[in-house]
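Worksheet: the structure to be examined is printed underneath.
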Amino acid sequence: MSAVVITIDGPSGSGKGTIAGLLASKLGWNLLDSGALYRLLAFAAGNHGIDLTNEEALKALAAHLDVQFIDKRIILEGDEVTDAIRNEQVGAGASMVASLPAVREALLQRQRAFLEAPGLVADGRDMGTVVFPDAPLKIYLTASAEERARRRYLQLKGKVGGVSLPSLLDEIRARDERDMQRAVAPLKPAIDAIQLDSTELSIEQVMERILSEVANRDLAGQ
Ligand code: DC
């Protein structure tokens, strides 16, 4: 692998999607939103009437998933699903299919294929532990569950009807529990990850911290 990868892992709502996107555009690198792959799989399973616990059928679907990432748009089996995969129901389905080892295995090569010059920012749960264990910079971004629920609430309020802060907090806690407790590739910081708690930090402050690590390692000029 000649291209460089920076991994950003963390729980749901920690801000890693925003940070990974900003970092990739600042560096002019590619972006892997690995959560989108699990979301797409859960969504496609719904379209095909496949049960979210049917590991064999999901493995086959994952291996042949017809998806294109075009700029910021996501096309699944010919239909644009950019916004449709972002709701909490699809997130919960993604978390379920993500607990199946055969599914994770089927998506592994697809994720590694995103690593192209000049570099990649990879956002997920196991980017630093499993998918890119040799990454020269690994960030583990977290925030309190209350703060993450509050951020999600502010994002959804006005766009989606019937959102409530207590139910978002319950959903975030349930998803944390499932993502951290699963047997295969659970959410946890890589041993060599830099842990950043963003509860009291702005997006700019988080970016500043990460960019100083990029500069320390001389990664941007490679
Ligand atoms: O980051 P996200 O909310 O879009 O991810 C959706 C779900 O996918 C998340 O609850 C767990 C799973 N996931 C995973 O298991 N491994 C990844 N690398 C990314 C996401």
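Computed from a predicted structure; not experimentally measured. Atoms within each ligand, like the ligands themselves, are counted from 1 in listed order.
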Quiz item: Short list, please: which atoms of ligand 1 are under 4.0 Å from a heavy atom of G124?
Solution: 18 (N), 19 (C)
Quiz item: Nearest protein heavy-atom contact for atom 1 (O) of ligand 1: which residue, which atom, what distance?
Solution: R125 NH1, 2.8 Å
Practice problem: Measure the distance from atom 12 (C) of ligand 1 to every protein heavy atom, then report the residue, atom name and distance (to 0.1 Å) of the closest one. | Solution: A98 CB, 3.7 Å
Quiz prompt | Within-cut-off N or O pair, D123 and ligand 1, under 3.5 Å | solution = no
Quiz item: Between D179 (side chain) and L187 (backbone), is there a donor-acceptor pair under 3.5 Å?
Solution: no
Quiz item: By number and element, which atoms of ligand 1 are closer than 4.0 Å to a non-hydrogen atom of K16?
Solution: 1 (O)
Quiz item: Going only through I, L, V, M, F, W and Y residues with side-chain contacts under 4.5 Å, is there a path from Y140 to I172?
Solution: no
Quiz item: Hey, does the side chain of N87 reach the backbone of Q89 with a donor-acceptor pair shorter than 3.5 angstrom?
Solution: yes
Exercise. For ligand 1, find out whether one of its N or O atoms is nearer than 3.5 Å to an N or O atom of Y38.
Key: no
Quiz item: Does E88 approach ligand 1 within less than 4.0 angstrom via side chain, backbone, both or neither, non-hydrogen atoms only?
Solution: neither
Self-check item: Aromatic contact, F114 with F69 (centres under 6.0 Å)
Solution: yes
Quiz prompt | Sidechain-backbone polar pair: D33 side chain, A36 backbone, donor-acceptor under 3.5 Å | solution = yes
Exercise. Consider every N or O of R104 and every N or O of ligand 1, then say whether any pair is closer than 3.5 Å.
Key: yes
Quiz item: Counting each atom of ligand 1 from 1 as listed, which ones have a heavy atom of S95 under 4.0 Å away?
Solution: 7 (C), 10 (O)
Exercise. Please could you name the atoms of ligand 1 that A94 approaches to less than 4.0 Å, counting only its heavy atoms?
Key: 6 (C), 7 (C), 8 (O)
Quiz item: What is the closest protein heavy atom to atom 19 (C) of ligand 1, and at what distance does it sit?
Solution: S34 OG, 3.4 Å
Quiz item: Looking only at atom types and distance, does a side-chain atom of K138 sit under 3.5 Å from a main-chain N or O of P133, one as donor and one as acceptor?
Solution: yes
Quiz item: Any side-chain heavy atom of I75 sitting closer than 4.5 Å to one from V67?
Solution: no
Quiz item: Under 3.5 Å, is there a donor-acceptor pair between the side chain of R110 and the main chain of A113?
Solution: no
Quiz item: What part of M127 sits under 4.0 Å from ligand 1 if we count only heavy atoms: the side chain, the backbone, both or neither?
Solution: side chain
Practice problem: Considering heavy atoms of the protein only, find what lies nearest to atom 4 (O) of ligand 1 and give residue, atom and distance to 0.1 Å. | Solution: R39 NE, 2.6 Å
Quiz item: Which residue holds the protein heavy atom closest to atom 6 (C) of ligand 1, what is that atom called, and what is the gap in Å?
Solution: R175 NH1, 3.5 Å
Self-check item: atom 20 (C) of ligand 1: the protein heavy-atom neighbour that sits closest, reported with distance to 0.1 Å
Solution: G35 CA, 3.5 Å
Exercise. Would you confirm whether S25, through its side chain, and G21, through its main-chain N or O, come within 3.5 Å as a donor-acceptor pair?
Key: yes
Quiz item: Hey, does the side chain of R104 reach the backbone of A98 with a donor-acceptor pair shorter than 3.5 angstrom?
Solution: yes
